[in-house]
Amino acid sequence: MLWFEHDLYDQLQLLDVLSLAHGVDAAPQLVVVDSFPGKPSFRGLGELTADELETLWPKRRPASAETLAAAAEAWEAFRAAEPSALEKRAHREEPELPFLGSALRRLLEELPAPGDGLSGTERRALAAIAAGHATPRDAFLAAQDEPLPPAPPLGDAQRFIALPLRLTEAGKKVLAGKANRVELLGIDRWVGGTHVTA
């Protein structure tokens with residue numbers, strides 16, 4: 001029995017598990033949700049009570065052979081050395097995996113954009129700071145619309161979230177499309193199986 005949410009992190013975990021189940025006789029059952037009645041700003045299963053979670057139990061459904069095959073194919077695209085297969089998967093509809101396309105499109109936003117070289121996360125963070133969200137907490141919430149994770153164990157969380165932020169001149173130029181983040185800072189990171197370098 002698998003319980004997952006609609007966000008990118010959960011959808012990638014779901015793909016991994018379903019791809020492992022592909023070819024196995026017993027199919028897992030799924031509860032995958034993006035909303036809950038009475039919670040207009042639903043962010044995930046973790047905010048539900050035990051009684052609320054119990055109401056989702058009747059909505060479970062077995063993963064079909066087609067779903068397992070689609071998950072295995074999408075997982076291979078995620079692990080591929082270049083992202084073109086992933087981009088194709090991001091635009092395919094999978095009725096039994098209704099949140100997969102939007103999650104994969106969100107993942108693709110993490111590749112450097114042509115022109116400014118920013119990932120989607122970097123662009124949203126710079127735009128939030130440029131719009132006046134002047135602390136890490138405010139900028140994070142504005143850029144991600146998610147709760148701020150706990151501060152690293154080496155720092156005081158309250159002090160960290162109150163630090164003032166401002167855009168550097170380089171940040172302003174990149175955000176305006178007049179400079180390229182990759183050219184300024186270089187890049188060496190992984191997005192799925194794609195190793196992104198300059």
Side-chain angles (χ1 to χ4, degrees), residues 4-16 34-35 40-44 46-47 74-75 77-94 97-152 155 157 159-198:
F4 283 98
E5 300 158 9
H6 62 289
D7 62 60
L8 172 59
Y9 184 77
D10 274 35
Q11 290 297 297
L12 292 178
Q13 286 185 336
L14 180 60
L15 283 183
D16 187 12
D34 70 339
S35 62
S41 60
F42 177 76
R43 294 177 196 260
E47 65 187 33
W75 186 247
F78 170 72
R79 296 176 61 222
E82 61 94 32
S84 62
L86 188 62
E87 193 275 332
K88 288 177 185 158
R89 293 290 319 177
H91 296 286
R92 267 179 56 186
E93 288 196 28
E94 297 293 344
L97 298 170
F99 312 116
L100 180 59
S102 61
L104 294 179
R105 288 188 296 276
R106 175 64 184 91
L107 176 65
L108 289 167
E109 290 179 9
E110 290 311 296
L111 295 169
D116 63 18
L118 292 171
S119 72
T121 298
E122 292 168 334
R123 183 175 296 98
R124 282 187 284 281
L126 289 176
I129 295 165
H133 300 281
T135 66
R137 180 182 192 283
D138 291 343
F140 184 85
L141 292 174
Q144 301 295 320
D145 192 29
E146 295 176 12
L148 186 68
R159 194 167 158 211
F160 171 76
I161 64 173
L163 289 172
L165 299 176
R166 65 176 175 77
L167 288 181
T168 63
E169 288 306 312
K172 291 175 186 175
K173 287 178 183 175
V174 171
L175 189 57
K178 296 178 179 174
N180 184 294
R181 176 251 190 257
V182 174
E183 291 172 5
L184 291 172
L185 301 175
I187 191 165
D188 186 3
R189 69 172 176 240
W190 291 85
V191 178
T194 303
H195 187 194
V196 183
T197 65

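Keep in mind the model is a prediction, meaning the values are calculated, not measured.
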Trainee: Nearest 0.5 Å, what's the NZ-CZ distance between K172 and R166?
Mentor: 8.0 Å
Trainee: Where do L126 and G171 come nearest, in terms of heavy atoms and distance?
Mentor: CD1-O, 4.1 Å
Trainee: Give a yes or no answer on whether the side chain of E94 reaches the backbone of G101 with a donor-acceptor pair at less than 3.5 Å.
Mentor: no
Trainee: With side chains defined as the heavy atoms from C-beta onward, is the minimum distance between I161 and T135 less than 4.5 Å?
Mentor: no
Trainee: Does a donor on one side chain and an acceptor on the other come within less than 3.5 Å for R124 and S119?
Mentor: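 No pair is found: no donor N or O on one side chain lies under 3.5 Å from an acceptor on the other.
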Trainee: Check W75 against L15 and note the closest heavy-atom contact, atom names and distance.
Mentor: CE3-CB, 3.8 Å
Trainee: With a 6.0 Å cut-off (strictly less than), is the heavy-atom count around CZ of R79, excluding the residue itself, greater than 12?
Mentor: no
Trainee: With sequence neighbours left out, what residues match F99 under ring pair (Phe, Tyr, Trp, His ring centres under 6.0 Å)?
Mentor: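 With neighbours one apart ignored, the set is empty.
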Trainee: If you measure from CG on L104 to CG on L12, what distance do you get to the nearest 0.5 Å?
Mentor: 7.0 Å
Trainee: Supply the atom-to-atom distance H6 NE2 to R43 CZ, rounded to the nearest 0.5 angstrom.
Mentor: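 Taking NE2 in H6 and CZ in R43, the distance rounds to 9.5 Å.
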Trainee: I need the minimum non-hydrogen distance between L108 and P83, along with the two atoms involved.
Mentor: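 Of all heavy-atom pairs spanning L108 and P83, the closest is CD2-CB, 4.1 Å.
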Trainee: First locate atom CG of L107, then atom CZ of R89, and finally report the distance between them rounded to the nearest 0.5 Å.
Mentor: 13.5 Å
Trainee: Compare all side-chain heavy atoms of L97 with those of L14 and state whether any distance is below 4.5 angstrom.
Mentor: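 Answer yes - side chains close enough.
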Trainee: Do you know the tightest heavy-atom contact between V182 and P112?
Mentor: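 Heavy-atom minimum between the residues: CG2-CB, 3.9 Å.
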Trainee: Hey, mind stepping through T168 and K173 against side chain to side chain contact (heavy atoms under 4.5 Å, CB included) and telling me if it holds?
Mentor: CA-CA 9 Å; T168 63; K173 287 178 183 175; over 6 Å; no
Trainee: Which distance, rounded to the nearest 0.5 Å, do you find between the CD of E47 and the CZ of F42?
Mentor: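 One gets 5.5 Å once the value is rounded to the nearest 0.5 Å.
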Trainee: Going from CH2 on W190 to OG1 on T197, what distance comes out if it is rounded to the nearest 0.5 angstrom?
Mentor: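 Going from CH2 on W190 over to OG1 on T197, the span is 9.5 Å.
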Trainee: Any salt bridge linking E109 with R123? Criterion: basic side-chain nitrogen under 4.0 Å from a carboxylate oxygen.
Mentor: no
Trainee: Search all heavy atoms of L165 against all heavy atoms of A139 and return the closest pair with its distance.
Mentor: CD1-CB, 3.9 Å
Trainee: Is the backbone N or O of G115 less than 3.5 Å from a side-chain atom of N180, with the two atoms forming a donor-acceptor pair by type?
Mentor: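 Pair found, side chain donor or acceptor close to backbone of G115.
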Trainee: Given side chain to side chain contact (heavy atoms under 4.5 Å, CB included), test R181 with I187 step by step and report yes or no.
Mentor: CA-CA 9 Å; R181 176 251 190 257; I187 191 165; 4.1 Å; yes
Trainee: Provide the closest heavy-atom pair for G46 versus E5 in the form atom of the first, atom of the second, distance.
Mentor: N-OE2, 3.9 Å
